Protein chains: 2
Amino acid sequence: MKDSGSGRHTIRDVAKAAGVSISTASNALNGTGRTNAETREKVRRIAEEIGFRPNALARGLLTKRSHAIGMLTNDTYGRLTLPMASGVSEVLVDHGVSLFLCATNNDPRLAKLHLEALLDRQVDGIIFTATRIDLEPPPELTRLRIPVVYVFAQGPSHSVSFHPDDAQGARLAVGHLQHLGRSRILHITGEQNYRAACIRAEAYQELVGPTAEVMFGDWSEEWGHAAIETVFSRSGPKPEAIFCGSDEIARGVIDALRDRNISIPDDIAVVGFDNWEVVSRQTRPPLTTVDMELKELGHRAGLAILGLSKGETVQPGVERLPCTLVVRRSAGQPGQS
Amino acid sequence: MKDSGSGRHTIRDVAKAAGVSISTASNALNGTGRTNAETREKVRRIAEEIGFRPNALARGLLTKRSHAIGMLTNDTYGRLTLPMASGVSEVLVDHGVSLFLCATNNDPRLAKLHLEALLDRQVDGIIFTATRIDLEPPPELTRLRIPVVYVFAQGPSHSVSFHPDDAQGARLAVGHLQHLGRSRILHITGEQNYRAACIRAEAYQELVGPTAEVMFGDWSEEWGHAAIETVFSRSGPKPEAIFCGSDEIARGVIDALRDRNISIPDDIAVVGFDNWEVVSRQTRPPLTTVDMELKELGHRAGLAILGLSKGETVQPGVERLPCTLVVRRSAGQPGQS
DNA sequence: TGTTTTTGTTAAAACCTTTTAGCAACTAAA
DNA sequence: TTTAGTTGCTAAAAGGTTTTAACAAAAACA
């Protein structure tokens, strides 16, 4: 079975080898139209034999579905979007859909360039991702004729978006601490211009009540250190527990507490947020933290964009997916409530 | 200018509006064939006006160049491949080429699925990435008619691949330590079945001579701790400096040394490898470490696959890109040699 | 003036597939 | 035996672009 010119076999080769017309071959392979069972089998066998695979470009051109979707991500492959993207990819590949990855580096010019390229390629849909709240999604996105799904990001009012349930996650963490009998609970978290930080802080305040105190800073380990410095350089009662806005912050907090010979969790219990294992597994003691189930988030977003691109309707609005609590040793033992 | 059916404008719309034939429009837009300067301008102006953009599927179908390349990556978005991928993407987008991201999760079935999808889409080339040495690239890769570039991974003998120059990076680190007057230098590194680990270890041994000692383990912070435990639980002279195979290991090492009240860098100087800023910036003291210039690596790989896909020839073999040393405080002050 | 060259334009083919409409042959009903 | 319906197959159109070959008109040459 010799190559004909360009390389890959076309459906024409299959048809010729099977002694049928191109249309029959197509029908047989796709199970469309009317075909004799016998010829159908024959065509399929031959296609298999010569390793025929349909040209996705030609197919897409005709059917107007490219079976590709684009993902625009503004942070350069942060640890949030990537496990999520992996979840998206998992879902898509099972449906024969491929994923274009576009990193925009927060550069609007680049975002536009990527978006145009995606449209030129006739992608069936776009997933837009951004963690910062102060960066608006490009307004062109709302005027597209293809579906858009937002993850971590706020789309326009009638759009479809997926977020971790930050409030529920915060309640999980705080509730766990309260259940351990701690009542003076401090919240050390990241930048206030991240919506997630605010939502978590609010849920925390609601649960803790008047003694609640939120310290905003940035998302770094350093800030965790600095915050502890502040707390211990001022007078007044010290907290019995600290709920941190990220695992990195928690790591800084834990290190700073250890420097002060404060026992964790006996003197102060600590809970993080992210379950970024490379951090949460390595703190001493290992960190009890909130897992945002990023992969599942990706699954859901993938299924949504897949459905939308097929013309199915998907419940619009913000869907918030539940977080889970991963109990390690920085706040109560697994077995001890 | 009304939408015609499916949505986007076609070159037919441009031609009609400009009062010329489709071929003239195409020639004018692409600068091919012979066209009167005046008509050329007119066509271009009109195309701009109505926002015409050529359908990449149709173009690709005809020209046999899809202007897309695929990236097969076996580790689920590790911190090595991703900055690299970002570099690839940067180069590609400037040439109007898009990137398919395929995460294979070390699953050969998934790898095959992704590879087939990429071929169906007529990608112009493939970048294959894998950090583990014990996992062979799928053998199908060598039989493709499109170019393949390997990064971090070993391709077949006559293929094109890019690696960080691990040996040079190791020499940079060890040389720096020696320059600071340290001679008893220990090397604590990761798994022996990573080629990078072996190369670095060898370069280290060559430079340090008979007193060299390599401790293989895994790539975790925990192993850094454990290694120090071992070193200090046995008799004999202690090292004056430690060259670590990764920043994570270095972090474990530094923490363990601090626990023992050993001053860094005065008693023992420490150098890492990776410059993973989220780690290296946060150790106390901040970590002097080797940067593999991953983005640059991506640039080079992107340019290579781009050139190859245009039919240019690219020097085959393994190209190793120089690492740089980032001097922080864990091994000598910047100003003090 | 007649011949060749150059210039600007275009119709048509090609890329590979899916889908529509139609054709022939056969079967079932009248 | 005619009519209607079914079955299996195929030619042709369509999708949007690039490219080839051809054509007319104008320009250059003899």
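Within every chain, numbering begins at 1; the chains are lettered A, B, ... in the order of the sequence lines, protein sequences first and strands thereafter. Worth saying up front: this structure is predicted, and the values here are computed from it rather than measured.
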Result block: side-chain N/O donor-acceptor pairs under 3.5 angstrom for residues 92-99 of chain B, not counting sequence neighbours:
unit_1, atom_1, unit_2, atom_2, d
B:H95, ND1, B:V91, O, 3.1
B:S98, OG, A:R121, NH1, 2.7

>> Please report the distance, rounded to the nearest Å, between CZ in B:R65 and C1' in D:dT17.
In response: 16 Å
> Quick one: B:L57 CG to D:dT18 P, roughly how many Å, whole number?
Replying inline: 13 Å
> Counting only heavy atoms not in B:R320, do more than 12 sit closer than 6.0 Å to its CZ atom?
Replying inline: yes
> Between B:L115 and B:T104, is a side chain to side chain contact (heavy atoms under 4.5 Å, CB included) present by the stated rule, with each step listed?
Replying inline: CA-CA 10 Å; B:L115 181 56; B:T104 67; over 6 Å; no
> Can you check ring-ring contact (aromatic ring centres under 6.0 Å, His included) on A:F100 and B:F100, steps first, answer last?
Replying inline: CA-CA 5 Å; A:F100 281 114; B:F100 281 114; 3.9 Å; yes
> Mind checking whether B:F128 and B:S161 have side chains closer than 4.5 Å, heavy atoms only?
Replying inline: no
> Whole-Å distance between D:dT17 P and B:R53 CZ?
Replying inline: 12 Å
> What one-letter contact string describes nucleotides 9-15 of chain D from 5' to 3', where B marks a base within less than 4.0 Å of any protein heavy atom, S marks contact via sugar-phosphate atoms alone, and - marks no contact?
Replying inline: BBBB-BB
> Atom OG of B:S66 and atom CG of B:L61: how far apart are they, to the nearest 0.5 Å?
Replying inline: 11.0 Å
> What integer distance in Å separates A:Q122:CD from D:dG16:P?
Replying inline: 9 Å
> Whole Å only: how far is the CZ atom of A:R12 from the P atom of C:dT18?
Replying inline: 14 Å
> Roughly how many Å is it from CG in B:N55 to C1' in C:dC16, rounded to a whole number?
Replying inline: 14 Å
> How many Å lie between CG on A:D120 and C1' on D:dT17, as a whole number?
Replying inline: 13 Å
>> Rounding to an integer number of Å, can you tell me how far A:L29 CG sits from C:dC16 P?
In response: 16 Å
>> So if I take the C1' atoms of five pairs at each end of the helix from C:dT1-D:dA30 to C:dA30-D:dT1 and get each local axis, what angle do the two axes make, rounded to 10 degrees?
In response: 60°
>> With heavy-atom distances below 4.5 Å as the criterion, would you say the side chains of B:E48 and B:R45 are in contact?
In response: no
>> Minimum heavy-atom separation for A:L101 and A:T73, please, with both atom names.
In response: CD1-CG2, 4.4 Å
>> To check you understand the geometry: which heavy-atom pair defines the closest contact between A:F52 and A:T10, and what is its length?
In response: CE1-C, 3.5 Å
